[in-house]
Amino acid sequence: STLAMPSLMVQSAVAPASGPQDFCKKLSKTVAAALGKPESFVLTSYQKVDAMSMGGDTETPAAFLYLSSLGSIEPGLNKATSSAIAAVLQDELGVPANRYYINFFDSPRSNMGYNGGTF
(Lines give C-alpha, C1' and ligand atoms only; values in the text may rest on other atoms or scores of the structure.)
Protein backbone atom coordinates (compact mmCIF):
# COMPACT_ATOMS: atom_id res chain seq x y z
CA SER A 1 0.00 0.00 0.00
CA THR A 2 1.15 3.53 -0.67
CA LEU A 3 -0.52 4.62 2.57
CA ALA A 4 2.62 4.76 4.65
CA MET A 5 1.95 7.24 7.44
CA PRO A 6 5.64 7.99 7.96
CA SER A 7 6.25 10.13 11.03
CA LEU A 8 9.49 11.87 11.88
CA MET A 9 10.24 13.48 15.23
CA VAL A 10 13.33 15.67 15.60
CA GLN A 11 14.83 16.93 18.85
CA SER A 12 17.69 19.39 19.04
CA ALA A 13 18.93 22.20 21.28
CA VAL A 14 19.36 24.31 18.12
CA ALA A 15 16.60 26.38 16.49
CA PRO A 16 16.09 25.84 12.73
CA ALA A 17 17.40 28.65 10.51
CA SER A 18 14.12 28.92 8.58
CA GLY A 19 11.94 28.58 11.69
CA PRO A 20 10.17 25.49 13.03
CA GLN A 21 7.28 25.48 10.54
CA ASP A 22 9.41 25.71 7.40
CA PHE A 23 11.85 23.19 8.90
CA CYS A 24 8.99 20.70 9.37
CA LYS A 25 7.84 21.33 5.78
CA LYS A 26 11.37 20.68 4.44
CA LEU A 27 11.60 17.49 6.49
CA SER A 28 8.18 16.39 5.20
CA LYS A 29 9.22 16.75 1.56
CA THR A 30 12.55 15.04 2.28
CA VAL A 31 10.95 12.04 4.03
CA ALA A 32 8.27 11.63 1.35
CA ALA A 33 10.87 11.65 -1.43
CA ALA A 34 13.31 9.38 0.42
CA LEU A 35 10.68 6.77 1.27
CA GLY A 36 8.76 7.08 -2.00
CA LYS A 37 5.55 7.84 -0.11
CA PRO A 38 2.87 10.50 -0.66
CA GLU A 39 3.60 13.63 1.37
CA SER A 40 -0.10 13.87 2.22
CA PHE A 41 0.46 11.16 4.86
CA VAL A 42 3.83 12.33 6.23
CA LEU A 43 3.86 13.78 9.75
CA THR A 44 6.90 15.71 10.98
CA SER A 45 7.54 17.42 14.29
CA TYR A 46 10.37 19.43 15.77
CA GLN A 47 11.04 19.93 19.46
CA LYS A 48 13.66 22.31 20.81
CA VAL A 49 15.18 20.89 23.96
CA ASP A 50 17.12 22.78 26.63
CA ALA A 51 20.33 20.84 26.09
CA MET A 52 21.70 17.90 24.12
CA SER A 53 24.95 16.07 24.75
CA MET A 54 26.54 13.71 22.27
CA GLY A 55 29.85 12.13 23.17
CA GLY A 56 30.01 14.42 26.20
CA ASP A 57 29.90 17.54 23.96
CA THR A 58 27.03 19.98 24.53
CA GLU A 59 28.53 22.81 22.44
CA THR A 60 28.50 21.29 18.94
CA PRO A 61 24.97 21.06 17.50
CA ALA A 62 23.41 17.59 17.65
CA ALA A 63 20.02 16.01 16.98
CA PHE A 64 18.02 12.90 17.83
CA LEU A 65 15.42 11.63 15.36
CA TYR A 66 12.78 8.92 15.39
CA LEU A 67 11.36 7.79 12.04
CA SER A 68 8.42 5.40 11.99
CA SER A 69 6.78 4.07 8.84
CA LEU A 70 4.53 1.27 7.68
CA GLY A 71 7.10 -0.34 5.42
CA SER A 72 9.96 1.38 3.56
CA ILE A 73 12.24 0.79 6.56
CA GLU A 74 15.02 -1.48 5.37
CA PRO A 75 18.83 -1.31 5.37
CA GLY A 76 19.50 0.07 1.88
CA LEU A 77 16.72 2.63 2.01
CA ASN A 78 17.62 3.66 5.58
CA LYS A 79 21.11 4.73 4.42
CA ALA A 80 19.67 6.90 1.64
CA THR A 81 17.02 8.34 3.98
CA SER A 82 19.66 9.14 6.61
CA SER A 83 21.77 10.89 3.98
CA ALA A 84 18.85 13.00 2.71
CA ILE A 85 17.86 14.01 6.24
CA ALA A 86 21.50 14.78 7.15
CA ALA A 87 21.57 17.47 4.48
CA VAL A 88 18.51 19.18 5.98
CA LEU A 89 19.93 18.93 9.51
CA GLN A 90 23.19 20.52 8.33
CA ASP A 91 21.44 23.35 6.45
CA GLU A 92 18.82 24.12 9.08
CA LEU A 93 20.44 23.28 12.42
CA GLY A 94 24.16 23.27 11.62
CA VAL A 95 24.27 19.65 12.78
CA PRO A 96 27.27 17.84 11.25
CA ALA A 97 26.64 14.42 9.71
CA ASN A 98 28.38 12.73 12.65
CA ARG A 99 26.25 14.49 15.29
CA TYR A 100 22.82 12.88 14.94
CA TYR A 101 21.15 9.54 15.48
CA ILE A 102 18.03 8.33 13.69
CA ASN A 103 16.03 5.48 15.17
CA PHE A 104 14.24 3.75 12.26
CA PHE A 105 11.11 1.83 13.21
CA ASP A 106 9.00 -0.30 10.86
CA SER A 107 5.63 -0.16 12.57
CA PRO A 108 3.14 -3.01 12.18
CA ARG A 109 -0.11 -1.74 10.62
CA SER A 110 -2.07 -2.84 13.70
CA ASN A 111 0.15 -0.62 15.89
CA MET A 112 -0.45 2.59 13.93
CA GLY A 113 -3.65 4.41 14.89
CA TYR A 114 -5.43 6.71 12.45
CA ASN A 115 -8.92 8.03 11.82
CA GLY A 116 -10.45 6.34 14.86
CA GLY A 117 -8.93 2.97 14.03
CA THR A 118 -5.68 1.50 12.78
CA PHE A 119 -4.15 0.88 9.37
Side-chain angles (χ1 to χ4, degrees):
S1 171
T2 59
L3 214 57
M5 197 62 182
S7 55
L8 177 70
M9 297 185 301
V10 179
Q11 290 184 328
S12 182
V14 182
S18 68
Q21 289 160 338
D22 283 345
F23 180 50
C24 283
K25 289 178 184 178
K26 287 179 185 178
L27 289 169
S28 181
K29 290 183 186 314
T30 301
V31 167
L35 298 182
K37 302 294 181 181
E39 190 182 2
S40 59
F41 277 90
V42 175
L43 183 150
T44 59
S45 66
Y46 160 75
Q47 181 180 26
K48 187 171 186 305
V49 296
D50 291 335
M52 185 166 288
S53 173
M54 185 170 185
D57 175 3
T58 58
E59 300 302 314
T60 309
F64 177 72
L65 297 83
Y66 182 85
L67 177 62
S68 176
S69 181
L70 302 176
S72 296
I73 301 294
E74 51 92 0
L77 196 53
N78 291 353
K79 287 181 182 179
T81 302
S82 181
S83 178
I85 290 172
V88 179
L89 296 178
Q90 176 68 57
D91 291 346
E92 285 288 324
L93 303 176
V95 171
N98 66 342
R99 295 282 299 168
Y100 72 90
Y101 289 145
I102 301 177
N103 184 347
F104 292 95
F105 184 72
D106 190 356
S107 181
R109 300 180 75 76
S110 60
N111 289 355
M112 184 72 74
Y114 171 70
N115 201 22
T118 62
F119 282 95

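Model, not experiment: these values are computed from the prediction.
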Legend entry - Pairs satisfying salt bridge (charged side-chain N to carboxylate O under 4.0 Å, His left out), at least one member in residues 60-72, at least two apart: none

Inset, instruction - Could you walk me through whether Lys37 and Ser72 pass the side chain to side chain donor-acceptor pair (under 3.5 Å) test, one step at a time? - result: CA-CA 9 Å; Lys37 302 294 181 181; Ser72 296; 3.3 Å; yes

Inset, instruction - Sorted by first residue and then second, give each salt bridge (charged side-chain N to carboxylate O under 4.0 Å, His left out) pair with at least one member in residues 7-31; sequence neighbours left out. - result: Lys26-Glu92, Lys29-Glu39

Inset, instruction - State which residues pass side chain to side chain donor-acceptor pair (under 3.5 Å) with Gln47; sequence neighbours excluded, sorted by chain then number. - result: Gln11

Legend entry - Check: Leu8 and Val42 side chains under 4.5 Å, non-hydrogen atoms: no

Inset, instruction - Just grab all the ring pair (Phe, Tyr, Trp, His ring centres under 6.0 Å) pairs involving residues 71-105, residues at least two apart or on different chains. - result: none

Legend entry - Pairwise side-chain contact, Pro16 with Leu93, heavy-atom cut-off 4.5 Å (strictly under): yes

Inset, instruction - For Asp57, check side-chain contact (heavy atoms from CB on, under 4.5 Å) against everything at least two apart and list the hits. - result: Glu59, Thr60, Arg99

Inset, instruction - For residues Leu65 and Leu89, determine if any side-chain heavy atom of one lies less than 4.5 Å from a side-chain heavy atom of the other. - result: yes

Inset, instruction - Can you tell me which residue pairs pass the salt bridge (charged side-chain N to carboxylate O under 4.0 Å, His left out) test with a partner in residues 65-91, sequence neighbours excluded? - result: none

Legend entry - Pairs satisfying ring pair (Phe, Tyr, Trp, His ring centres under 6.0 Å), at least one member in residues 45-96, at least two apart: Phe23-Tyr46

Inset, instruction - Return the set of residues passing side-chain contact (heavy atoms from CB on, under 4.5 Å) with Ala13 (not counting sequence neighbours), or none when no residue passes. - result: Val49, Met52

Legend entry - Exam field: side chain Ser7 to backbone Leu43, donor-acceptor pair closer than 3.5 Å: no

